[in-house]
S.K.: 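Got a structure for you, written out below as structure tokens; questions coming shortly.
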Protein chains: 2
Amino acid sequence: MSDAQAPEKRRAPAKEVKNSKEGDERHDAIYRSVSDAIVEQRLKPGARLREDALADVFGISRTGIRKILQRLALEQLVTLTPRRGASVTRPTADEAKDVFDARQLIECGLMPDVARRMSEKEAAELREMARQERQALRSGQQSVAIRLSADFHVRLAQLSGNATLAEFVERLCSRSSLILAVYGHRGHLGCESHDHDDLIGYLETGNGERARAFMSRHLKAIEASLSMFEEEENVPDLQQIFGE
Amino acid sequence: MSDAQAPEKRRAPAKEVKNSKEGDERHDAIYRSVSDAIVEQRLKPGARLREDALADVFGISRTGIRKILQRLALEQLVTLTPRRGASVTRPTADEAKDVFDARQLIECGLMPDVARRMSEKEAAELREMARQERQALRSGQQSVAIRLSADFHVRLAQLSGNATLAEFVERLCSRSSLILAVYGHRGHLGCESHDHDDLIGYLETGNGERARAFMSRHLKAIEASLSMFEEEENVPDLQQIFGE
DNA sequence: GATGGAATTACTGTATACAATAAATGGCAG
DNA sequence: CTGCCATTTATTGTATACAGTAATTCCATC
């Protein structure tokens with residue numbers, strides 16, 4: 001599996017230099033790629049992320065990789081240890097508690113605003129997201145379902161109109177996904193699959209307080225579904241994980 | 001014409017500090033130095049931050065400067081425009097509203113926890129911070145006072161025991177400082193200087209609900225003290241300015 | 001003069017080379 | 001065989017060189 005998978009961008013001459021959209025989008029794509037891989041647990045907590053290995057896989061230099069790793073570290077999906085490199089964050093029980101307490105405070109607090117601002121169109125969009133999530137769960141893709149569930153919560157927060165709080169929720173949700181991926185039960189998402197649909201119902205009718213209470217129970221249910229046990233570590237095969 | 005001001009004035013270019021400090025701490029010191037300069041408005045909103053210039057001033061290469069700028073950008077103290085470099089963020093009215101709404105939700109929500117966990121020692125520490133803040137205000141150092149006030153709010157949030165929410169508050173406070181520096185009235189800090197002492201009183205007696213309500217009024221007062229006039233267009237109307 | 005456009009300059013984006021440090025290896029003594 | 005120290009290797013940290021792009025200047029043309 002040495003080089004068969006790396007596409008022709010390996011050493012593309014001037015001809016294809018422009019192929020990578022704008023360098024900026026390329027970086028963003030790589031960022032999302034790694035972020036998704038972590039959240040979907042294809043990169044497991046504790047896994048080391050060597051810079052030149054990633055640089056090889058994505059065909060950019062370590063400079064760009066370092067930038068991406070620093071961004072991931074700021075969102076606490078990866079842990080940066082000085083002189084010893086990056087690894088996928090292994091969330092602790094304390095962190096899990098902090099994250100879910102924060103979600104209680106923020107996401108519940110946003111529900112009245114969301115209920116006030118929600119329109120037909122957005123409700124439909126949310127229902128579609130909930131549908132995809134159910135489907136992923138039915139087809140056994142638990143990790144994907146976890147990520148889709150997080151996307152749902154983030155979209156909801158964005159509908160509040162407060163970009164700052166929405167960004168906080170985004171960070172909390174990606175950390176939650178990591179927590180769920182580690183401490184969650186197999187076959188039990190935490191979110192009951194109909195929960196999100198029920199929530200949309202309350203929001204559609206403008207019942208902010210009802211939605212707030214429901215969100216609170218919903219988050220409590222997710223947190224309660226966690227079981228804290230330790231994971232083993234192993235060396236990830238980056239080629240396989242990111243290979244296309 | 002009015003050039004962007006020179007960043008961070010330093011008299012002695014050659015410093016002994018460089019060798020003794022670990023590179024990591026050095027970076028952090030530079031980060032704080034720039035962050036403080038922005039929050040205290042020695043670097044004004046809109047000011048360009050050229051990489052070479054900063055590299056010269058601090059005696060490290062552009063690599064390190066870029067890393068620091070990216071971190072500042074993530075905290076939204078600095079705005080990074082692709083291919084056009086970094087500049088001090090110019091907060092908008094919408095952002096100000098988002099930030100203060102977020103503070104209402106989070107800081108008020110934390111008060112009961114803080115009240116529950118606060119001890120003698122921490123109360124004393126907070127009183128000392130409040131004292132320094134008053135002193136800075138009395139001696140006319142408004143910008144310094146703004147930063148010290150932010151420090152107070154951050155320390156308070158840390159006492160809640162939730163590191164995640166405390167970090168959010170930290171970010172909100174530094175952005176608030178920038179907002180205050182831009183939209184605040186001279187000689188009016190927003191925070192009445194005795195407010196913080198009153199708050200400590202409520203917390204000391206474990207009266208979380210009282211503290212929450214007080215914090216809410218406190219933040220509303222700060223926000224109300226802002227004079228939100230929209231900024232000039234990117235192209236100023238010279239006709240109007242120099243007319244007649 | 002004013003205007004458009006080429007040449008010049010200034011600055012950012014990216015890769016790479018080199019230095020510093022931690023990990024791994026191997027050899028030697030006990 | 002085992003533990004410790006020297007040496008080698010692997011990997012990160014930092015500076016620098018180079019390429020690409022926006023801004024500026026300068027000149028020719030109308």
Side-chain angles (χ1 to χ4, degrees), chain A residues 6 9-31 34 46-74 78-88 233-238, chain B residues 1-7 13-15 17-31 34 46-74 78-88 234-235 238:
Chain A
K9 95 185 19 170
R10 170 64 56 83
R11 177 121 353 178
K15 174 183 185 174
E16 287 282 10
V17 161
K18 282 267 201 291
N19 68 347
S20 41
K21 330 259 182 190
E22 299 235 337
D24 229 1
E25 295 178 15
R26 175 94 183 109
H27 273 54
D28 227 57
I30 296 173
Y31 164 79
V34 178
R48 246 189 104 196
L49 300 171
R50 282 186 12 252
E51 293 176 358
D52 44 9
L54 287 169
D56 280 351
V57 166
F58 290 110
I60 64 174
S61 78
R62 279 177 52 218
T63 308
I65 295 295
R66 285 176 72 85
K67 185 168 138 193
I68 288 163
L69 287 176
Q70 272 155 25
R71 186 168 156 198
L72 287 164
L74 234 57
V78 316
T79 300
L80 238 45
T81 316
R83 302 269 167 203
R84 304 200 42 195
S87 57
V88 177
E233 42 185 300
N234 55 5
V235 186
D237 185 338
L238 298 176
Chain B
M1 149 170 225
S2 69
D3 241 331
Q5 69 231 11
K15 273 183 298 302
V17 177
K18 186 172 177 181
N19 285 339
S20 60
K21 292 280 184 191
E22 288 212 2
D24 227 1
E25 295 177 14
R26 176 90 182 111
H27 273 54
D28 225 57
I30 296 173
Y31 163 79
V34 177
R48 259 194 91 190
L49 301 171
R50 286 189 306 111
E51 296 175 356
D52 285 343
L54 288 170
D56 281 350
V57 166
F58 290 112
I60 64 173
S61 78
R62 278 178 53 218
T63 309
I65 295 296
R66 285 176 71 85
K67 183 169 142 192
I68 288 163
L69 286 176
Q70 273 155 26
R71 185 169 157 197
L72 288 164
L74 233 66
V78 156
T79 300
L80 239 45
T81 316
R83 304 262 166 212
R84 304 200 39 193
S87 58
V88 178
N234 33 10
V235 180
L238 299 176

S.K.: Under the rule for side-chain contact (heavy atoms from CB on, under 4.5 Å), what residues qualify as partners of A/Ala86, not counting sequence neighbours?
M.R.: A/Leu49, A/Leu69, A/Leu80
S.K.: Would you mind reading off the distance between B/Arg26 atom CZ and D/dG13 atom P, rounded to a whole angstrom?
M.R.: 18 Å
S.K.: Over how many whole Å does the gap from B/Arg83 atom CZ to D/dA19 atom P extend?
M.R.: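 Distance, rounded to whole Å: 14 Å.
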S.K.: How far apart are the closest heavy atoms of A/Tyr31 and A/Ile68, and which atoms are they?
M.R.: CA-CG2, 4.0 Å
S.K.: Under 4.0 Å, heavy atoms only, any strand: does A/Gly64 hit a base, just the sugar-phosphate, or nothing?
M.R.: nothing
S.K.: Tell me, please, which residues at least two apart from A/Asp52 pass side-chain contact (heavy atoms from CB on, under 4.5 Å).
M.R.: A/Arg50, A/Arg62
S.K.: Atom CZ of A/Arg84 and atom P of D/dT12: how far apart are they, to the nearest Å?
M.R.: 11 Å
S.K.: Figure out the CZ/C1' separation between A/Arg50 and D/dT9, and round it to whole Å.
M.R.: 12 Å
S.K.: A/Arg62 CZ to C/dC18 P: how many Å, rounded?
M.R.: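 Rounded to the whole Å, the gap is 14 Å.
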S.K.: Please check: side-chain N/O of B/Arg71 versus main-chain N/O of B/Arg66, any donor-acceptor pairing under 3.5 Å?
M.R.: no
S.K.: Using a 4.0 Å cut-off on heavy atoms, which residues in residues 65-74 of chain A reach DNA chain D? List them by number, or say none.
M.R.: A/Arg66
S.K.: Once you round it to whole Å, what is the distance between P of C/dT16 and CD of A/Glu51?
M.R.: 15 Å
S.K.: Which residues pass the side chain to side chain donor-acceptor pair (under 3.5 Å) test with A/Ser87, not counting sequence neighbours?
M.R.: none
S.K.: In whole angstrom, give the distance that lies between atom CG of A/Asp24 and atom C1' of D/dA22.
M.R.: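 Whole-Å distance recorded here is 15 Å.
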S.K.: Please give me the minimum heavy-atom distance between B/Ser61 and B/Ala55, naming the atom from each residue.
M.R.: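 The answer is C-CB, 4.0 Å.
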S.K.: Provide, to the nearest angstrom, the distance between the CG atom belonging to A/Asp56 and the P atom belonging to D/dT11.
M.R.: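 Value for this atom pair: 11 Å.
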